[in-house]
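Everything on this sheet refers to the single structure shown next.
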Amino acid sequence: MSIIKKTFKLLSGIEMPLVGIGTYKIRGDEVIERVLDESLEVGFRSIDTAVVYQNENSIGLALKKLLPKYNLKREDLFITTKLAPNVSGDPEKIRESVHNSLKFLNTTYLDLCLIHWPGKGRLIENSPENASARVVTWDTLVELKGKGLIKSIGVSNFTIKHLEHLKQHSSVVPDVNQVECHPHYRQDELIEYCKKEGILLQAYSSLGTSDPNDHKKLLGSPVVQKIATKLNVSPARLLLRWALQRGLAIIPKAVKTEHIQDNIKLDFEISEEDMKELSSLPQEKYAWNPDNVA
């Protein structure tokens with residue numbers, strides 16, 4: 001079976017595609033419609049967004065046109081969004097946020113809703129309020145899941161410490177933990193922990209960073225270039241396959257047509273030796289760091 005059709009059975013019992021489309025920093029009705037059009041055409045069926053991306057409405061408008069075009073039903077897609085940190089700890093605001101997301105995305109349910117950040121917006125990282133707000137937010141998501149508005153619930157940017165804290169306060173385990181992960185930031189310990197708990201770890205920033213000053217650090221790494229050339233694949237495809245072979249889900253973001261088409265060609269194998277070499281690169285974190293969030 002092609003990797004694009006492969007799914008992971010979440011703790012909720014829902015099947016989630018291992019490969020999805022990331023939409024971070026992609027905005028504008030026309031751009032979103034073209035990106036989703038080209039993505040659905042080549043076989044993507046999972047879409048990842050967030051309240052803070054400010055593109056849920058554009059995605060909803062695009063899907064209204066595109067589902068009939070590709071003879072798809074809503075249930076053929078897997079849609080993920082994430083709560084903004086500024087609603088953390090406030091059940092009313094969380095409920096309102098989820099209802100807004102449903103309205104913007106033009107759907108009656110979310111396949112997956114994540115807590116985007118372990119801390120509360122505008123609160124200092126080491127404040128103990130972060131921990132209590134996190135529990136309230138999680139309990140509210142559990143409630144909304146019980147009402148059928150959300151099929152699966154999870155977290156993003158949570159460390160082992162944050163997951164353990166949640167475990168002490170709730171019997172409901174997150175279905176997914178979406179975190180930065182790539183050969184420059186392997187997350188070995190967190191991956192082990194999530195596997196043990198039955199949590200799917202979904203990688204973002206699989207190609208390193210989108211910072212124009214740094215974005216070639218990983219893609220342009222001599223080791224990545226060498227192995228990609230040997231396998232006759234692009235460096236981007238190599239990095240995405242590296243994550244999949246570690247049992248992770250991925251959400252590559254692309255705007256250019258050739259990148260959208262490239263990101264789906266992942267049915268090749270990286271040898272154990274090459275996997276080891278990729279996994280021995282120096283470690284560097286590019287995205288926001290949750291380590292200090294209480």
Side-chain angles (χ1 to χ4, degrees), residues 7-18 20 22-23 45-53 56 59-60 63 73-121 130-160 162-179 193-202 204 249 251 290:
T7 60
F8 180 92
K9 192 172 190 175
L10 301 173
L11 292 169
S12 64
I14 305 294
E15 296 280 348
M16 177 178 176
L18 282 174
T23 64
R45 292 294 178 264
S46 177
I47 301 164
D48 179 90
T49 183
V51 172
V52 297
Y53 299 173
E56 289 177 319
I59 291 169
L63 292 178
K73 298 188 177 100
R74 164 64 184 94
E75 52 269 32
D76 295 323
L77 296 184
F78 191 100
I79 300 176
T80 301
T81 195
K82 310 175 201 79
L83 296 171
N86 65 358
V87 302
S88 182
D90 188 326
E92 259 328 295
K93 283 186 180 170
I94 294 161
R95 292 182 196 112
E96 186 185 354
S97 177
V98 168
H99 281 288
N100 284 338
S101 291
L102 291 169
K103 184 177 73 181
F104 292 146
L105 291 163
N106 190 36
T107 181
T108 56
Y109 68 92
L110 298 168
D111 294 281
L112 177 63
C113 187
L114 308 177
I115 300 175
H116 204 152
W117 181 247
K120 184 175 166 61
N130 285 308
S132 52
R134 207 160 47 236
V135 172
V136 170
T137 305
W138 186 247
D139 288 344
T140 310
L141 279 183
V142 171
E143 170 208 307
L144 292 167
K145 183 188 171 194
K147 290 180 176 174
L149 298 176
I150 308 167
K151 303 260 185 193
S152 309
I153 55 177
V155 296
S156 182
N157 298 296
F158 274 44
T159 64
I160 293 172
H162 302 129
L163 291 166
E164 276 292 301
H165 175 254
L166 215 53
K167 196 176 172 182
Q168 287 161 19
H169 291 84
S170 175
S171 60
V172 181
V173 178
D175 288 295
V176 172
N177 186 18
Q178 187 187 105
V179 297
Y193 176 89
C194 287
K195 275 184 183 165
K196 183 169 63 74
E197 297 293 326
I199 301 166
L200 175 64
L201 196 135
Q202 186 179 46
Y204 72 74
I251 39 167

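Computed from heavy atoms alone, side chains included, the values below leave out hydrogens, waters and symmetry copies. One is the number of the first residue; the rest follow in order along the sequence.
Taking the six-membered ring where tryptophan is involved, the planes of His165 and His169 are tilted, since the angle between them lies from 30° to 60°.
For the atom pair Leu200 CG and Lys195 NZ, the distance stands at 10.5 Å (nearest 0.5 Å). Atom CZ of Arg95 and atom CG of Asp90 lie 9.0 Å apart (nearest 0.5 Å). A distance of 10.5 Å separates NZ of Lys151 from CZ of Phe78, quoted to the nearest 0.5 Å. Between atom CG of residue Leu110 and atom OG of residue Ser152 there is a gap of 10.0 Å, rounded to the nearest 0.5 Å. For the atom pair CD1 of Ile251 and OG1 of Thr80, the computed distance is 8.0 Å after rounding to the nearest 0.5 Å. Taking CD of Gln178 as the reference point, atom CG of Leu112 lies at 8.0 Å (rounded to 0.5 Å).
Nearest approach of Leu163 to Pro174, heavy atoms of both residues: CD2-CG, 4.1 Å. Closest of all the heavy-atom pairs between Ser97 and Val51 is OG-CG2, 3.8 Å. Taking both residues in full, the closest heavy atoms of Ala84 and Val52 are given as CB-CG1, 3.8 Å, listed atom of the first, atom of the second, then distance. A pairwise comparison of heavy atoms in Lys167 and Tyr193 identifies CD-OH, 4.1 Å as the closest pair. Taking every heavy atom of both residues into account, Thr23 and Asp48 meet most closely at OG1-O, 2.7 Å.
Residues His99 and Lys103 form no side-chain contact, since every pair of their non-hydrogen atoms from C-beta on lies 4.5 Å or further apart. By the 4.5 Å heavy-atom criterion applied to side chains, Leu83 and Cys113 are counted as neighbours. Taking 4.5 Å as the limit, every side-chain heavy atom of Ile79 sits out of range of all side-chain heavy atoms of Thr81. Proximity of Trp138 to Ile153: side-chain heavy atoms (C-beta onward) are separated by under 4.5 Å at one or more points. Two residues are said to be in side-chain contact when any heavy atoms from C-beta on lie closer than 4.5 Å; Ile94 and Leu144 meet this criterion.
Without hydrogens or angle criteria, Asn177 side chain to Leu201 main chain gives no donor-acceptor distance under 3.5 Å. Panel note: side chain Asp139, backbone Val136; no donor-acceptor pair is recorded below 3.5 Å. Ser170 places no side-chain N or O within 3.5 Å of a backbone atom of Leu166 that could act as its donor or acceptor partner.
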- Item | CA sep, side-chain torsions, deciding dist, call: Leu114, Phe158, side chain to side chain contact (heavy atoms under 4.5 Å, CB included) | CA-CA 11 Å; Leu114 308 177; Phe158 274 44; over 6 Å; no
- Message: Does Asn157 form a side chain to side chain contact (heavy atoms under 4.5 Å, CB included) with Tyr204? I'd like the steps, not just the answer.
- Response: CA-CA 10 Å; Asn157 298 296; Tyr204 72 74; 2.6 Å; yes
- Decide side chain to side chain contact (heavy atoms under 4.5 Å, CB included) for Thr7 and Met16; before the verdict, give the C-alpha distance in whole Å, the side-chain angles of both, and the deciding distance to 0.1 Å. CA-CA 5 Å; Thr7 60; Met16 177 178 176; 5.8 Å; no
- Task: Take Thr49 and Glu56, measure what side chain to side chain donor-acceptor pair (under 3.5 Å) needs, and give me the verdict at the end.
- Result: CA-CA 7 Å; Thr49 183; Glu56 289 177 319; 5.2 Å; no
- Can Trp117 and His162 be said to form a side chain to side chain contact (heavy atoms under 4.5 Å, CB included), step by step? CA-CA 10 Å; Trp117 181 247; His162 302 129; over 6 Å; no
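Legend: salt bridge (Lys or Arg N to Asp or Glu O under 4.0 Å) pairs involving residues 106-117, not counting sequence neighbours, sorted by first then second residue: Arg74-Asp111.
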